[in-house]
Structures are given as structure tokens and as C-alpha cells.
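Note that the structure is a prediction, hence the values are computed from the model and not measured.
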Amino acid sequence: MARIKTTTSANSKSYSIIDDYYRNGKRTTKVIDRIGNYNTILDLANKEGIDIDTWLNNYLNKYLEEHNISGNIEKVVIEKYANKLIPQNVTNRFNIGYLFLKDIYYSLKLDQIVKNITRKYKFEFDLNEVLSNLVFSRIIYPSSKLKTYELSQKFIETPKYNLENLYRGLTYLNNDLDYIQKELYNNSKSVVDRNTRIMYFDCTNYYFDINEETDMQKYGHGKDGKAKPLVGMGLFMDGNGLPIAMNIFPGNDNETKHLIPLQEDIAKDYNLENKRTIICTDAAMCTDEIKKFNIKDGRAFVITQSIKKLKEIYKEEVFKDDNWRIVGDLTKIYKLSDILNNEEDSKKYYETVFYKIVQTETAHVVQDLIVTFQIKYRDYLRNVRKGQIERAKNKISSSKKGDKIKLSNNPNDYRRLIKEEIKTIENNKKNNKEDNSLNEPKKKEKYSYSYSIDTDVIKEEEKYDGYYGITTNLNGDIKDILAISKNRWEIEESFRILKTDFDSGTIYLSREDRIKSHFLTCFISLLIYRILENKLNYKYTNTTLIEKLREMEVYEEKGAGYSPAYVRNDLTDDLHETFGFRTDYEIVPYENFKKIFDKVKNKKSTQ
């Protein structure tokens, strides 16, 4: 810190400006300006009619301003030698991007949750360190558990646990899976707004590269339609896009049977019983049982409905030309044919969402079917199918004539558009005794395959282009109901983050307890990451944010501190301003980083 220094000798007194700096970790000072002796300064002060101390203080401030120096800036001098080798096997570059995640981790009081588990089982190792490193690494360095252990050494606070502790930790975490999720939700309410008035549910599955199935890893059809050993995950998310709870189940289980039990647990454990909630989910959950459950105790549902799977009596109502309205306008009724057959109107209403309401019933529920139609959505689907038709044609033309092509019924697979014809190849050999000899093995029949584009399938699919259906028992503004359904993309985005950005499918575990704990750490990572997005007002894409957290590294200047080795930009400024600490000074002394570590760990939850 720059300041005035007075030097007194036997015959004189003089003044100078000195500043602090660090040399190889030791604090010292140097003179940066010599002002003059006492008599000279006194004459100058008298001319201005002020005392000598005031004059010196004014001089110091003017000097600092002219030289663009802050009075609080501390200089650090680092000595390096051109003929001195760096030591072998010494790491001097560390990641500090995880500190922002750690701030949220401690705000959620995960350290206290883990402390309670440690007391319960009385083990010696630091489970909090294990869990926190698994969570931060899942976001910044997603990989296997072994690789995670190795990469976590790149954090500026290098972990002290060993690999055995990591695997044991997974077992203990699984024992309290439900407790951890419950406490996380309760603690999160003081960190960020939670909107449980609307809850979204969806399922996904994870493939395991194993030869034999286990009690958990069961053969089932994945989202790509292939039969594989799978583990399923069900995820509940609130109306603000934040995870609430998850469960893990065998891959051959029907997804629909997991919604109601998890919903009941959430209502009981999260104090949401007898509170009005709206469950929103996709067409896979469009069952009478789920709807029947969600019309009781103030609950409601908004569930996607496949138009193709409707009963014929309801399809007739959907495709009737009349009774279409525009969202937000109850005064006018439209005929779709009038608009579709008029080029000018088709352009005018290209992005307009039309809707109609058809009352339908399941075995136990009377519900409204809200059907929407949009020309832009119709053209989008047809453009997608156009590309699939081209792929199907290329597949047919590139296949050897007569050979079999593997087809698919997956609605997203272009091979569903290929029609197959099979012909038996006749045996041209004469039917003689030698041919019919019992000693000669019976020849298998041979087949010839021919393929073409299935125009019937295309014609059938085109009937539904542009239409979208949801079922609900809500009575209210159509615009609000459609908005609930539209926001279902958030849970699909959460699965995309888990699978793509967090690489949650990289699982080299076989034990059921450890597999479940792996997905628990992924769930915690997702919650922390979503809160981070929220704190930054959703200004940055997933790729931008995660890559920056990974890029934020510092270089250790031995004996002095750490200097940033990353590019400072708007995102890093937002991170520092949001969390109340900075790592982007030219050098951050050791003691300042220690203050950051303490600040993060002693973080108090504030909404």
C-alpha cells in the first residue's frame, strides 16, 4: 500500500512515497518517489496556506492519480531465472472454476447432510470431500470414477481421500438416497425460488455394455429402439426448471408404474400433501391410472396425447374442419380449409396457433383434449420427413440387389419408410432319386428381397402433420394451459445436459448400490448447475458456461500466490460479481485465496 515515509537524520528530515510489494513470498517496501526535505515542503505548504501534513497527503493522492495507482494495490515481485530448470512432476496449474459450484454446494448445506450420514455410520474418511469432488468433476471433468479421481487433482484444493474411499462412499450415499434428496429440496428453498405448483416428470434410460443382465441392468428397449441392458431413471422437475427428485429402476420396467409412487413420496416427504399441484408429462404417461390419481386432492394434469392413438370417434372430431379458434381470441371461429386453401391467408397465419377443444373420456376420467394446429409446425414435420425419404432412397440404392435391409418401426427412424417385398428363390435342380437321397442334407429355402418407398406410410403420417394434442382436467385460460405444456422442454433439456454435457452414461460400475449413487451425484450436479444458470439469469449457453468453468485455471507463482491463466470476459465478471469474490487480479496472494476458501465454506443460504 502506497504511503508517505519520513526519514530523519541528525541534520535534516526528508519525505518520500514508498509502496509494499512481495519478493519470493516475503513482504518488503521500496521508494517510488522522493518528494523533498522538510524546509522545501514547509515553504510549499505555507504558500498554499495549509499545514505540512495536509500538503503531503494531497501530494500523495495527486501522484497516485497521475500514475494510475490505487493506494491499496500491492505489488508482487517474482524472481525467475533463465538458467534454472523447473522441478519434475510438480503441478503448478489448477482449476478454480469449481469454486462457484462449491459456493452453491455449501449454500445447499450438503456438507451438513453428509455430516449426518457420517455420524450415522461412523466411518473415518471424509465423505463430504468425496461427494463434492464427484459433483464438481461431473460438471467440469465428466468421466469414469477412476478418471474422476485422477482429474480432481487438478482442483486448487486437491483432495486427500483415496480411490477406495470413493467407492465406499458410493455405498454409504445409496443407503440414504431418499434422505439426501429430501434435505436438498428443503435446503434449496432458501437458495432459489421453487415452483412446485407445476411439476414435470419424464423418464430416460442408460445403456450398459455387459453380456449378462443383473437385477438392476435388465434388457429393454432403449430410446433408440434397440434391445440393450438398461437402467431407467425417472426425474421430477419443478415449474422453474429445477430438479426435485429422481428414482432409478430396472431397464425392463414399464416407465408408467414409477410416476405415482415417486409422486406420493414427494407429496409426503416434501410437505406437498393436499397442495394443488399440476403434473405435466409426455404421451408415454398418458394412462387412465395416472390421470385418475391426478384428479384427487386438488391435483391436476396436463399430459401430451398422441393424435394417432385416439379412438376413431375422437379422431373424427379432431379432423373436422370447423370450430377452430386462435389462442387469445374467443370471438371468431375458423375453418382450417379456408385458410389452407388460400395462399394469402396461409402466409398471414403461418405462425398462428389454432386450437379446438374436444371432450373425451378414459375409463375413470372425463377430460378435455386440446388440439392445436400450426402451418409452420406442419411444414417443419414435412421437411424432416423429406430428408428421411432421401435417406431411405439412398439406403435402397446403395444396398446390393436381393440382400436384406434391416427395417425399423421407430417413428424417428428413416427405415420405417421402406417397404419390403420377399420372394422365394426356386430350386432349379431336377427332382431325381439322387436329389431326394436321405444321405443328402435338405437345402434351406432362399429368399430375394426388394425394397421401395412406402407411400402408404407417408400418406398416413401426413394426415397428422401440424397437429398436437394435450389432455387436461384444468379449467382455465387455454394460453396458460398451453404454456405449461410448452415448458416441458425444460425436463428434456435436463436429460440432454445429463447425457451430453455431464456424460452421465459413462458408468463402469456393476454393483446396484454404486450405480444408484452414481445417478444421485449426477442429480446433485444437475441441481447445482441449474441453480448456477438461475443466478446468472440464464444469459449463457450450457456449452459456454461449462467450458468457461473448465477453462478457469490459475498458475501458481511459488512463494507469492496464483495468477490467472484464463481469459477474462463478461461471463467471468458475472461469476465474480454474483458470488462476491474475485480470482481475476494479476496475482492473488495465498492468503487471499484462503479467504475465498473460507468464504465459500461459510456461505449462508440466502434466497
Side-chain angles (χ1 to χ4, degrees), residues 198 200 202 241 280-284 286 302-310 314-358 368-393 410-414 416-417 453 455 457-472 474 476-496 538 541-542:
I198 302 170
Y200 296 88
D202 202 355
C280 181
T281 187
D282 66 5
C286 193
V302 176
I303 300 178
T304 305
Q305 169 65 59
S306 168
I307 304 297
K308 293 179 183 179
K309 295 181 180 180
L310 284 171
Y314 299 137
K315 281 186 183 180
E316 290 177 10
E317 291 297 320
V318 168
F319 292 121
K320 277 184 179 179
D321 198 32
D322 55 2
N323 291 326
W324 290 93
R325 300 177 187 271
I326 292 176
V327 175
D329 181 8
L330 297 176
T331 61
K332 192 172 181 180
I333 296 176
Y334 298 83
K335 283 190 175 183
L336 280 184
S337 60
D338 291 344
I339 295 169
L340 297 176
N341 295 330
N342 184 298
E343 185 176 350
E344 186 175 332
D345 282 347
S346 292
K347 291 179 180 178
K348 177 182 177 181
Y349 294 107
Y350 188 71
E351 295 189 11
T352 301
V353 176
F354 296 89
Y355 77 93
K356 68 163 55 177
I357 300 175
V358 179
D368 284 337
L369 168 65
I370 301 174
V371 184
T372 63
F373 178 84
Q374 186 188 50
I375 300 173
K376 181 180 179 180
Y377 181 48
R378 179 202 66 182
D379 290 353
Y380 164 76
L381 293 175
R382 291 185 176 177
N383 189 52
V384 170
R385 190 180 301 108
K386 182 179 178 181
Q388 292 174 333
I389 291 171
E390 289 303 311
R391 291 185 67 189
K393 287 179 178 178
N410 189 317
N412 297 316
D413 194 322
Y414 72 91
R416 76 187 187 283
L417 305 175
I453 298 298
T455 55
V457 170
I458 294 171
K459 186 176 179 181
E460 177 64 18
E461 287 187 3
E462 284 181 342
K463 285 169 48 179
Y464 303 95
D465 289 346
Y467 293 90
Y468 188 82
I470 59 173
T471 53
T472 184
L474 284 173
D477 192 326
I478 293 296
K479 185 178 180 180
D480 294 337
I481 297 172
L482 293 179
I484 292 171
S485 178
K486 185 177 180 180
N487 288 337
R488 197 172 55 80
W489 69 269
E490 289 268 21
I491 196 164
E492 295 171 354
E493 173 73 357
S494 291
F495 280 133
R496 192 201 66 75
Y538 303 97
T541 65
N542 300 326

List in chain and number order the residues that pass side-chain contact (heavy atoms from CB on, under 4.5 Å) with [X], two or more places apart in sequence or in another chain; answer none if no residue qualifies.
X	result
L381	Y377, D465
S485	V302, Y468, I470
R496	E493, T500, D501, N542

Donor-acceptor side-chain pairing of K315 and Y464 below 3.5 angstrom: yes

Quick one: [atom1] on [X] to [atom2] on [Y], what's the gap to the nearest 0.5 Å?
X	Y	atom1	atom2	result
C286	Q305	SG	CD	4.0 Å
I333	D322	CD1	CG	8.0 Å
Y414	K393	OH	NZ	14.5 Å
I453	E390	CD1	CD	8.5 Å
I458	I389	CD1	CD1	3.5 Å
R325	I357	CZ	CD1	8.0 Å

Contacts of T471 that satisfy side chain to side chain donor-acceptor pair (under 3.5 Å) - sequence neighbours left out: K291

Trace of the side chain to side chain contact (heavy atoms under 4.5 Å, CB included) decision for L340 with R378: CA-CA 11 Å; L340 297 176; R378 179 202 66 182; 3.7 Å; yes

Lys/Arg-Asp/Glu bridge criterion (N-O < 4.0 Å) met for E462, K459: no

Would you say the side chain of [Y] lies within less than 4.5 Å of the side chain of [X], judging by non-hydrogen atoms?
X	Y	value
K320	V358	no
Y314	I307	no
V318	L369	yes

N/O donor-acceptor pair under 3.5 Å between K463 side chain and F319 backbone: no

D368 side chain to I370 backbone, donor-acceptor under 3.5 Å: no

Let me check something: any side-chain donor-acceptor pairs from residues 343-351 under 3.5 Å, sequence neighbours excluded? List them with distances.
{"residue": "S346", "atom": "OG", "partner": "I339", "partner atom": "O", "Å": "2.8"}
{"residue": "S346", "atom": "OG", "partner": "N342", "partner atom": "O", "Å": "3.0"}
{"residue": "Y350", "atom": "OH", "partner": "D379", "partner atom": "OD2", "Å": "3.2"}

Considering all heavy atoms, the nearest G241-S494 contact: O-OG, 4.5 Å

Residue pair W324 / V371: nearest heavy atoms and the distance that separates them: CZ3-O, 3.6 Å

Residue pairs involving residues 326-340 (criterion side chain to side chain donor-acceptor pair (under 3.5 Å); sequence neighbours excluded): D321-S337, D329-T331

side-chain hydrogen bond (donor to acceptor under 3.5 Å, both in side chains), paired with E461, selected from R382, K308, R416: R416

